[in-house]
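Keep in mind that what you see is a predicted model, and the values were worked out from it rather than measured. Proteins come first, then strands; the chains are lettered A, B, ... in the order of their sequence lines, and each starts at number 1.
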Protein chains: 2
Amino acid sequence: MQITRQAEYAIKTMLELARLPFGQTLRTQEISQRQEVPEVFLKKTIQLLARGGLLATQRGAQGGVRLYLPADQITVADIIEAVEGPLAINPCLAEGQHCEKESFCPIRRILWRAQNAMKVELRRESLQEILNEQ
Amino acid sequence: MQITRQAEYAIKTMLELARLPFGQTLRTQEISQRQEVPEVFLKKTIQLLARGGLLATQRGAQGGVRLYLPADQITVADIIEAVEGPLAINPCLAEGQHCEKESFCPIRRILWRAQNAMKVELRRESLQEILNEQ
DNA sequence: CATAATTTAGACTAATTATATCTTATATGA
DNA sequence: TCATATAAGATATAATTAGTCTAAATTATG
């Protein structure tokens with residue numbers, strides 16, 4: 001019932017980048033040091049975020065990572081989904097999933113409500129708003 | 001971000017028992033067949049529920065498993081906690097946990113809200129109410 | 001008291017998921 | 001065009017979760 005460590009690292013990374021003026025890059029190494037996450041592992045995490053359309057990466061000297069969208073257009077839900085896949089607390093509740101017991105399964109209904117309540121919160125605020133709150 | 005398969009089996013088991021008049025027992029084998037969960041694994045799950053104070057078990061002939069409390073006093077949150085431990089979407093958010101960054105960590109605040117919203121839903125209805133809804 | 005039914009307990013295996021490392025490809029600037 | 005910085009991709013290791021098997025303990029019943 002926990003998000004993965006990788007998802008946590010991803011959120012930290014995105015927040016770190018969201019503090020910069022939009023468009024500015026940071027090296028993975030720098031992020032890893034500031035947020036105290038293992039660098040090589042962070043690179044893989046960044047790959048997932050890039051594939052998910054949340055980060056732009058640039059190789060080579062002067063390269064690095066930057067947000068693909070402005071911080072007011074990204075939510076924590078987006079980040080978790082980019083790293084873990086669909087936000088679902090049970091396989092049968094992932095979007096696009098159907099179960100033949102769906103119509104009468106009492107578990108599905110209660111879990112769906114819980115999942116939905118959680119999603120609503122994770123989508124409520126953008127990274128920008130989260131940082132402004134402090 | 002998912003509950004474990006074991007937690008799902010546990011919820012199914014508890015709902016199956018909640019359909020019976022309070023005090024009535026069912027054999028593990030019977031539950032496993034009705035709910036289509038592997039029997040030997042279900043036994044382990046039942047142990048956890050019994051240790052968590054949710055089930056009473058009785059060995060021997062005519063033995064079996066029954067609810068320890070009436071179905072209107074049990075929530076899905078109770079069941080998940082008995083099987084998985086504290087309901088937390090990140091280690092730092094488990095009850096009793098403290099983190100020195102707590103006061104200013106932006107991740108903690110947003111995740112806490114999401115976790116709380118989910119918990120509220122999982123505690124909103126008793127097993128009795130869940131079954132009555134159908 | 002003997003027997004059969006049934007759960008308990010623990011060790012073990014297999015599968016899946018998470019984490020970490022190593023190698024390759026690409027971009028930049030001298 | 002070469003050396004270096006940097007991310008991408010592939011592979012290996014570790015941890016967790018899921019499931020099985022065996023033996024022992026408990027209880028009801030004849």
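Contacts of Tyr9(B) with the nucleic acid, taken as non-hydrogen atoms under 4.0 Å apart, involve only primed sugar atoms and P, OP1 or OP2. No contact: Gln29(A) has no heavy atom under 4.0 Å from any strand.
Between the CD atom of Glu8(A) and the P atom of dT17(C) there is a distance of 20 Å, given to the nearest Å. Remark: P of dA5(C) and NZ of Lys43(B) are 13 Å apart, rounded to the nearest angstrom. Separating the CZ atom of Phe41(A) from the C1' atom of dT19(C) is a distance of 5 Å, rounded to the nearest angstrom. We find that CG of Leu48(B) is positioned 14 Å from C1' of dG10(C), with the value rounded to whole Å. Between Met1(B) atom CE and dT17(C) atom P the separation is 16 Å, expressed in whole Å. Distance CD (Gln2(A)) to P (dT16(D)): 11 Å, rounded to an integer number of Å. Going from atom CD1 of Ile3(B) over to atom P of dT17(D) covers 13 Å, rounded to whole Å. Rounded to an integer number of Å, the gap from Glu84(B) CD to dT16(D) P is 14 Å.
To the nearest 0.5 Å, atom CZ of residue Phe22(B) and atom CG of residue Leu69(B) are 6.5 Å apart.
Comparing dT20(D), dA7(D), dT8(C) against the side chain of Arg27(A) picks out dA7(D) as the nearest. Listed candidates were dT8(C), dA7(D), dA10(D). Nearest to the side chain of Thr28(A) is dA7(D). Proximity note for Thr4(A) (side chain, C-beta onward) versus dG29(C), dT19(C), dG19(D): the nearest is dT19(C). Closest to the Arg59(A) side chain, of the nucleotides dG9(D), dT28(C), dA25(C), is dA25(C). Among the nucleotides dA28(D), dA27(C), dG29(C), the one closest to any side-chain atom of Gln58(A) is dA27(C). In the set dT27(D), dA18(D), dT19(C), dA18(D) carries the atom at the smallest distance from any side-chain atom of Gln6(B).
Taking for each of Ala61(A) and Thr57(A) the nucleotide of DNA chain D with the nearest heavy atom, the 5'-most of the two is the partner of Ala61(A). Ranked by how close their nearest DNA chain C nucleotide is to the 5' end, Gln62(A) and Gly60(B) are led by Gly60(B). When the nearest nucleotides of DNA chain C are assigned to Gly63(A) and Arg5(A) by heavy-atom distance, the more 5′-ward of the two goes with Arg5(A).
Checking each of Lys12(A), Glu8(A), Gln6(A) against Thr45(A) for a side chain to side chain donor-acceptor pair (under 3.5 Å) leaves exactly one that passes, namely Gln6(A).
Follow the hydrophobic side-chain contacts under 4.5 Å out from Val120(B) and you never reach Val120(A); the two are in separate clusters.
No hydrogens or angles were tested; on distance alone, nothing pairs the side chain of Lys44(A) with the base of dG9(D) as donor and acceptor under 3.5 Å. Remark: the Gln47(A) side chain and the dG9(D) base include a donor-acceptor N/O pair separated by less than 3.5 Å.
Between Arg51(B) and dA9(C), a side-chain N or O to OP1/OP2 separation shorter than 4.0 Å is present.
Gln58(B) and Thr25(B) are not linked by any side-chain donor-acceptor pair at a separation below 3.5 angstrom, with hydrogens and angles left out of the test.
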Report task. Evaluate the criterion side chain to side chain donor-acceptor pair (under 3.5 Å) for residue pair Gln2(B) and Asn90(A); output intermediate values, then yes/no. Result -> CA-CA 5 Å; Gln2(B) 297 194 351; Asn90(A) 210 37; over 6 Å; no

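A salt bridge links Lys101(A) with Glu36(B): the closest approach of a Lys/Arg side-chain nitrogen to an acidic carboxylate oxygen falls below 4.0 angstrom.
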